[in-house]
Amino acid sequence: MFNILFLFVIIPVLTLGGLFLTQNVKQVRAVAATGASLLLIAALYLCYAFLGAREADPDSMMLFQSSYMWFEPLNIHFAVGVDGISVLMILLSAIIVFTGTFASWKIEPLTKEYFLWFILLSIGVFGFFISIDLFTMFMFYEVALIPMFLLIGVWGSGNKNYAAMKLTLMLMGGSAFLLISILGIYYHAGHTMNLLEIVNNGVDADWQNALFVAAFVGFGVLGAMFPFHTWSPDGHASAPTAVSMLHAGVLMKLGGYGCFRVAIFLMPQAALELGWIFMILTGISVVYGAFAACVKTDLKYINAYSSVSHCGLVLFAILMMNQTAMTGAVLQMLSHGLMTALFFALIGMIYGRTHTRDVREMGGMMQIMPFLSVGYIIAGLASLGLPGLSGFVAEMTIFFGSFETSPIYNAVLGDGDTFRHAFALVTTTTIVITAVYILRVVGKLLFGPVQNEAHRKLDDAHWFERFSTVTLMIAIAVLGCFPDMAVGILRDSFEPIVSHIMAFAQ
């Protein structure tokens with residue numbers, strides 16, 4: 001029987017084949033838009049199919065599983081499967097790829113080559129989220145990283161060569177830590193790379209601490225965890241619009257997803273013993289990123305440091321290791337992915353017209369570009385947590401989970417709740433800090449006096465830009481108003497994970 005998960009590799013591969021056959025820019029756009037649309041339809045259908053499969057088989061941890069032998073001497077399989085967390089990450093990826101395709105409608109030069117690399121990047125992202133074999137997951141992770149160098153170095157702006165090289169080297173450094181961890185897990189968990197088999201076998205307790213640190217640091221680099229975050233602002237600032245959308249909206253989520261799926265789930269004993277160290281680092285990321293955004297004047301750098309803060313909040317919530325906080329972490333990944341993609345899309349559109357991202361050189365954009373300005377306000381309100389939008393649901397769930405009593409941490413740290421609650425209290429202050437930099441930028445950029453009279457002649461958004469941004473705005477509002485749609489998919493996904501961790505806390 002055909003596995004629906006294979007579509008998320010087959011469709012991008014067929015799209016690549018179609019792009020190779022195109023003869024002009026119109027054909028390139030048509031093929032890219034068709035491929036992105038099919039991916040979004042497949043992701044929506046997967047959500048529907050997953051709910052039906054979960055109801056029919058509530059006890060299985062992973063659904064739609066398939067496994068094919070790749071390399072028998074090392075017991076490496078092409079193994080796929082999803083739970084509710086994976087399904088939502090696939091849906092997020094499909095939305096960002098779809099909207100990013102239309103945001104890139106007028107990309108020049110080398111339009112065909114741009115979309116080839118863009119689609120290859122999406123293959124890595126989708127493949128990562130459907131994999132339940134560590135080798136397969138790592139392979140797709142590398143496929144997602146390689147195109148970033150060219151996409152930034154060729155089609156980027158500013159100091160793009162430096163940014164592309166810095167991003168690639170730092171993320172490859174993180175990959176080295178991941179490879180060490182994966183090999184260690186393989187040799188100390190029964191010579192298997194299947195996630196479910198590793199959970200059943202268990203990783204040798206004597207090696208868990210070292211392997212946990214390697215895995216969390218490796219994925220934490222991609223999640224922009226302090227102090228490994230410095231590649232992220234430079235990469236965001238130089239990347240073309242759609243690449244920034246995919247980079248911040250999806251690629252950084254690989255870090256949070258990997259920390260959760262590999263580091264914590266496979267090595268719970270080490271997570272219990274060493275989690276507090278990374279809780280400190282992620283807490284710093286949350287606060288530092290918010291303060292850094294307050295002092296920046298470049299729109300992309302403001303959003304980039306905001307992403308450091310929001311992604312730090314994802315890792316922070318995961319380390320709470322309770323169901324409420326972990327649910328909030330996934331909702332935050334969804335929310336941040338959507339709103340930061342909207343931010344970067346709008347910033348790219350504004351920059352394409354004004355040729356500046358410096359807030360001090362712009363003002364009165366509401367008079368000149370009312371549609372783009374309203375979109376920016378909606379993204380900003382979602383970022384600062386306005387009720388009714390996605391940010392409020394995600395952050396409140398995280399904060400509620402952070403203040404819950406934790407038998408896990410109390411068993412390991414004694415009075416672990418005091419430690420957790422202190423850091424949770426610090427992270428909640430970023431609600432105010434976020435409001436400061438969002439309202440400052442909105443006030444200066446959109447409602448201040450027009451700084452450059454030449455800007456009055458600029459036009460507002462074109463049809464493809466409106467289509468892209470409206471899609472993201474609708475998704476943000478739907479998640480904010482109907483969070484149960486996402487929580488329904490997540491239901492029962494965390495119970496076996498939390499129970500597995502609890503077993504080591506006794």
Side-chain angles (χ1 to χ4, degrees), residues 84-85 88-89 91-92 95-96 248-249 252-253 256 282-283 285-287 289-290 293-294 302-303 305-318 320 322-346 374-404 423-443 469-491 494:
I85 307 163
L88 289 179
M89 290 299 100
L91 178 61
L92 172 65
I95 293 172
I96 304 302
M252 292 177 72
K253 307 303 174 289
T282 55
S285 294
V286 175
V287 178
C294 287
I302 292 171
N303 198 36
Y305 277 105
S306 173
S307 293
V308 171
S309 178
H310 283 106
C311 288
L313 197 58
V314 170
L315 298 178
F316 182 81
I318 290 171
M320 289 292 160
N322 65 61
Q323 189 159 335
T324 304
M326 287 180 172
T327 301
V330 176
L331 292 176
Q332 177 70 358
M333 284 195 278
L334 287 173
S335 173
H336 175 259
L338 295 170
M339 70 188 182
T340 200
L342 179 57
F343 262 131
F344 277 121
L346 293 165
V374 169
Y376 200 95
I377 292 172
I378 292 173
L381 294 177
S383 182
L384 60 81
L386 181 75
L389 298 176
S390 59
F392 176 79
V393 174
E395 292 184 8
M396 288 303 101
T397 307
I398 288 174
F399 294 140
F400 274 114
S402 299
F403 283 104
E404 278 187 5
F423 269 89
L425 189 63
V426 171
T427 58
T428 55
T429 62
T430 58
I431 297 175
V432 178
I433 305 170
T434 301
V436 169
Y437 66 76
I438 291 295
L439 296 177
R440 177 180 69 90
V441 172
V442 167
T469 53
V470 166
T471 302
L472 290 169
M473 285 188 273
I474 291 173
I476 289 170
V478 168
L479 181 58
C481 294
F482 306 101
D484 270 354
M485 295 173 65
V487 174
I489 295 175
L490 286 174
R491 190 167 290 118
F494 293 108

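Computation of the quantities below employed the complete heavy-atom set of this structure, encompassing side-chain atoms and omitting hydrogens, waters and symmetry-equivalent molecules. Just so we're clear, the structure is a prediction, and the values are computed from it rather than from any experiment.
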Non-hydrogen atoms of [X] and [Y] that approach each other most closely:
| X | Y | result |
| --- | --- | --- |
| A382 | I476 | CB-CG2, 3.9 Å |
| T428 | L425 | OG1-O, 2.5 Å |
| Y305 | A293 | CB-N, 3.8 Å |
| A379 | M339 | CB-O, 4.3 Å |

Could you tell me whether the side chain of [Y] reaches within less than 4.5 Å of the side chain of [X], counting heavy atoms only?
| X | Y | value |
| --- | --- | --- |
| I318 | Q332 | no |
| K253 | C311 | yes |
| L381 | I438 | no |
| L346 | T469 | yes |
| V314 | H310 | no |

* Between S307 and T340, do the side chains contain an N or O donor and an N or O acceptor separated by less than 3.5 Å? -> yes
* To do: Check whether any side-chain N or O of T397 sits under 3.5 Å from a backbone N or O of V393 as a donor-acceptor pair, and report yes or no.
  => yes
* Look only at the side chain of S306 and the backbone of I302, and say whether a donor-acceptor pair between them is shorter than 3.5 Å. => no
* Going through the distances and angles, do L331 and E395 end up as a side-chain contact (heavy atoms from CB on, under 4.5 Å)? -> CA-CA 8 Å; L331 292 176; E395 292 184 8; over 6 Å; no
* Result of checking L334, V487, L479 against L88 for side-chain contact (heavy atoms from CB on, under 4.5 Å) -> L334
* Verdict with reasoning, F343 to Y376, per ring pair (Phe, Tyr, Trp, His ring centres under 6.0 Å) -> CA-CA 7 Å; F343 262 131; Y376 200 95; 5.1 Å; yes
* To do: Take F392 and L386 through the test side-chain contact (heavy atoms from CB on, under 4.5 Å) and record every step on the way to the result.
  => CA-CA 6 Å; F392 176 79; L386 181 75; over 6 Å; no
* Run the numbers on S309 and V287 for side-chain contact (heavy atoms from CB on, under 4.5 Å), then give the verdict. => CA-CA 6 Å; S309 178; V287 178; over 6 Å; no
* Test side-chain contact (heavy atoms from CB on, under 4.5 Å) applied to T427 and F399, step by step -> CA-CA 9 Å; T427 58; F399 294 140; 3.8 Å; yes
